[in-house]
Amino acid sequence: MMPKKKIRSYLINLAAAAFVFIVVYLALQLGWINSYYRSILILICINSIMTISLNLATGLLGELCLGHAGFMAVGAYTTALISLNSGLPTYVGLTLGILAGAVTAGIAAVLVGIPALRLRGDYLAIITLAFGQIITILIRSLGFTGGALGLNGIPLTTDFPLTYWMLIVTMYIVYALIRSRQGRAILAIREDDIAAEASGINVTRYKMLAFVISAMLAGVAGALYAHYQGVLTPEKFDYNYSIDFMVMVVFGGMGSITGSILAAIVLTILPQLLYGFSDYRMLLYSILLIALMIFKPSGLLGQKELSQRVFQRLGRQLLGKKPQTVPVEADIPTTVVDEDTYLTEQGSGDSGVGGSSTRGQENLPVSGTPIAEAEGKHQERLGLDTQGDEPLTRKHKGRR
Amino acid sequence: MHLLEVNEMSIQFGGLKAVDDITFAVDKGEILGLIGPNGAGKTTIFNLLTSVYTPTSGDILLNGKSIVGNSTWQTVDSGLARTFQNIRLFKNLSALDNVRIGFHGLEHYSLASTLLRLPSYWRDEKDLTRKALAILDIFGLKSIAGVQAQNLPYGQQRKLEICRALASDPQLLLLDEPAAGMNPTETQELMSMIRFVKDHFKLAIILIEHDMSLVMNICERLIVLDYGRIIARGLPDEIKQNQAVITAYLGNPLEEDA
Amino acid sequence: MTYFITQFINGLQIGAIYALIALGYTMVYGIIKLINFAHGDLMMVGAYIAFFALSDWGLPIYLAAAVSMVGTAILGVVIDRIAYKPLRDASRLSALITAIAVSLLLQNACMLLFSSSPRRFPTVTANLPTISIGNSTVNVIVFISIALAVALMMILNLFVNKTRIGKAMLAVSEDMRAAQLMGINVDFIVSLTFAIGSALAAFAAILYLFSYPQIEPYMGAMPGIKAFIAAVLGGIGIIPGAMVGGFLLGIIESMAKAYIPSAFSQITDAVVFLVLILVLLIKPSGLMGKPEKVKV
């Protein structure tokens with residue numbers, strides 16, 4: 001059965017999610033947040049779902065997907081067509097539509113994945129790029145999708161509670177997935193597909209699993225988007241839209257779910273705040289991407305997550321207590337280690353897929369040097385959770 | 001029936017026969033040494049045994065069943081595990097996770113169980129974490145279970161790779177130069193660990209190694225390769241005396257190429 | 001029948017263009033194992049340079065072509081030095097994302113500089129005669145284009161196979177580290193590869209403009225993707241493969257355009273992608289490729 005500690009931790013997370021929801025919802029109800037900001041809030045949630053789903057394919061599986069907006073389009077059009085044509089009661093149609101959107105996007109992912117995922121190499125990037133183009137061409141030339149004119153009059157049934165809780169569900173799915181045998185298989189493939197296969201992992205199968213789940217979540221985001229916007233046109237889901245999400249993933253940190261959300265918040269609000277930003281948006285994004293890849297390939301949060309642990313530490317610091325960490329000198333933790341210590345929710349100490357891992361090899365401060373310690377402290381100061389006992393690693397006196 | 005039977009196995013890359021008509025067998029509980037100069041085809045044999053390459057001709061039987069044409073993961077599932085010459089750990093994952101990934105083929109809870117956190121998830125995860133820690137413990141790595149693999153010192157990385165291979169519960173373990181880069185003390189320690197592991201997990205082991213003291217000490221039988229062919233086989237003491245082996249290693253004094 | 005022949009010749013022409021662009025992809029991939037997503041956009045920059053050389057500076061077409069090739073080659077090398085070189089040992093993913101970003105940068109920088117409205121490439125072929133085949137005519141520029149492209153490819157082939165530097169390029173693509181140990185200046189070879197690939201793309205741009213005289217910031221995207229597919233079709237990393245794949249893809253596309261009813265004309269672009277999917281399903285190493293041997 002579920003260990004008691006875990007029940008508590010799950011409940012705390014749920015309570016935190018509910019708390020945020022109640023605060024925002026009350027603010028909306030009491031009119032503290034006007035309708036303009038409400039629509040931005042909804043957009044943030046949709047973009048967060050997209051970013052998390054792309055992060056699953058790119059940050060966690062390690063495959064570049066350049067047509068994620070295409071999967072979103074599949075989900076959006078499926079839902080919209082159901083809502084417009086089925087004659088079902090609004091919310092039944094919506095629920096069915098979201099599910100159908102996820103399923104059709106998943107099927108599209110299988111079709112795209114079959115030729116590309118069996119192979120080693122960057123074929124998924126090219127084939128998803130092609131997929132993104134073909135989908136818009138198809139939508140434009142097919143009759144029932146409304147062609148270039150698009151679809152109009154989709155009921156505006158997407159509201160804040162729906163998108164918010166779908167975001168929470170998305171977060172849960174990806175978290176639950178990573179911390180499981182399936183998720184570890186996915187991470188293993190990202191790290192080294194040859195070693196993964198030699199550990200008994202059916203690499204193609206797990207690549208497909210991650211990719212399809214990723215596409216299905218994008219389908220859900222698309223479904224929400226369709227009922228948020230009310231209008232769908234094929235141009236919306238072009239290459240640049242896919243790139244928007246790629247930028248969010250990289251900026252937030254490849255492999256970091258909370259990073260994805262932070263990035264989605266920042267990069268959804270920014271264009272709204274800066275007048276004339278849209279003209280320069282792609283230019284700035286491209287420069288941002290290049291700079292990130294060269295100077296900080298791990299993005300904003302790397303693979304770290306903002307979690308309970310972080311807030312606990314933050315809380316302790318605010319209260320003036322010393323953070324509870326292992327002394328710097330400690331070579332090896334003296335605590336008793338048993339399976340409960342590491343039971344699944346911790347110890348997945350993974351970081352930086354984006355170059356930092358391999359490239360870091362040379363630059364990696366030799367463990368136990370002042371740089372390493374400084375870096376450890378730096379992280380502590382930021383209050384970032386490095387998952388499991390990762391802080392130890394930097395202080396471990398290694399012989400290379 | 002032998003545990004592993006290799007019959008007239010060959011593989012050709014372009015015009016080069018990297019492994020040429022090789023036949024040998026391994027029995028349960030045996031340590032077989034595979035030695036030979038660089039480029040003799042030792043690692044290629046490992047790649048053939050683990051289905052990374054498919055032999056151009058010949059057959060490989062594990063427990064009497066052919067594994068030719070399998071995917072690597074299927075071969076691993078049927079009881080073969082390996083380590084790599086250039087360590088291939090999941091660098092950004094913890095030592096514990098590296099081992100837990102090794103268990104992949106042995107845990108079977110479903111995706112539904114994962115997503116809904118059903119009891120089978122908690123039960124299996126707890127069970128496998130305990131087993132993983134037990135394996136780490138054997139190699140003295142339990143205390144660094146939470147450390148990222150890339151931050152471990154070299155010797156521990158080599159040991160961790162063996163732990164990961166053991167996790168898949170193999171009947172036959174292929175070790176590709178496990179002592180490379182280790183100092184004599186570490187090599188000694190490794191040697192006794194290999195012996196212990198062999199008995200404890202009831203394994204057969206094929207060992208590729210350049211460290212002759214290790215090979216001669218630990219292996220019950222040796223196969224010597226040169227240019228993809230077996231040039232000698234037998235007990236360590238016989239191999240030491242074998243003229244063909246000495247020539248392969250030191251070169252023929254009458255020829256120029258050494 | 002004459003319709004078929006005309007379409008075939010058109011296919012050869014567009015195929016020659018794909019082949020020239022595909023060479024850049026394949027040479028770069030062969031050496032640093034990177035899909036240079038910005039390659040199609042280098043072609044676009046080449047088109048702009050040629051345009052300004054012709055219309056603003058009033059250069060004759062052959063000089064404009066030379067200026068465009070040199071300019072694009074320099075840009076290609078600069079891009080590699082600034083954006084790709086720091087990532088040589090980084091993960092594949094980082095390099096790939098950077099390539100995407102460079103592609104975006106070129107497109108959007110050009111859009112801000114030259115606006116997104118298309119410019120018309122001056123007609124340099126007005127006075128050229130046409131050749132009639134049956135009842136249809138083909139402008140002689142089509143034949144000149146094909147001939148020029150083939151000539152350029154033959155020169156490249158000679159350069160790669162017969163000269164010292166060319167052989168060094170082959171060596172680097174075979175095994176970069178070993179080549180370095182043999183005393184080959186790998187950085188120089190990589191830069192040279194980018195320079196040659198980019199110059200070929202610029203040349204392809206000019207051939208492209210002879211037939212489709214429209215210049216805009218996104219003009220490189222589609223030919224870029226198609227040329228990449230041509231490279232995969234022929235076998236990525238293999239120079240003759242890119243040539244064969246380019247011509248083949250051009251012919252396939254031309255035939256699809258000719259024989260698919262016009263009601264589905266938008267689908268013709270999809271045909272090219274279908275080719276990609278089929279190659280990946282049937283022979284991912286490409287027509288001229290050998291199965292990849294994994295290094296374990």
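Atoms considered below: every heavy atom in the structure, side chains included; atoms not considered: hydrogens, waters and symmetry mates. Just so it is clear: chains get the letters A, B, ... in the order the sequence lines come, proteins before strands, and each one is counted from 1. The structure presented is a predicted model; accordingly, all values stated were derived computationally and were not measured.
Heavy-atom minimum distance, A:G200 versus B:H104: O-CD2, 3.7 Å. Of all non-hydrogen atoms in B:W122 and A:P3, the two that sit nearest each other are CE3-CD, 3.4 Å. The heavy-atom pair separating B:L115 from A:I173 by the smallest distance is CD2-O, 3.9 Å. Pairing each heavy atom of B:L89 with each of A:D192, the nearest pair is O-CB, 4.5 Å. Across every non-hydrogen atom of B:V76 and A:S199, the tightest pair is CG1-C, 3.9 Å. Of all the heavy atoms in A:A198 and B:F84, the pair that sits closest is CB-CZ, 3.6 Å.
Within the model, atoms CZ of A:R181 and CG of B:L111 stand 9.5 Å from one another, a figure rounded to the nearest 0.5 Å. A distance of 11.0 Å separates CG of B:N98 from CG of A:L187, quoted to the nearest 0.5 Å. In this structure, the separation between CD1 on A:I7 and CZ on B:R117 is 13.0 Å, given to the nearest 0.5 Å. In this structure, the separation between CH2 on B:W73 and CZ on A:R205 is 7.0 Å, given to the nearest 0.5 Å.
The backbone N or O of A:S180 lies less than 3.5 Å from no partner atom in the side chain of B:Y109, so there is not a single donor-acceptor pair. Not one N or O on the side chain of B:R88 forms a donor-acceptor pair closer than 3.5 Å with the backbone of A:I194. A donor-acceptor pair under 3.5 Å is formed between the side chain of A:E191 and the backbone N or O of B:N92.
B:S110 touches chain A through its backbone: at least one of N, CA, C or O sits under 4.5 Å from a heavy atom, while the side chain does not. Contacts between B:T50 and chain A at a heavy-atom distance below 4.5 Å are absent for every atom of the residue. For B:L116, the part sitting under 4.5 Å from any heavy atom of chain A is the backbone (N, CA, C, O) and nothing else.
Using a 4.0 Å cut-off between a side-chain N of Lys or Arg and a carboxylate O of Asp or Glu, B:E125 and A:K6 do not qualify as a salt bridge.
Most heavy-atom pairs under 4.5 Å with chain A: of the set B:R164, B:Q74, B:E161, this distinction falls to B:R164.
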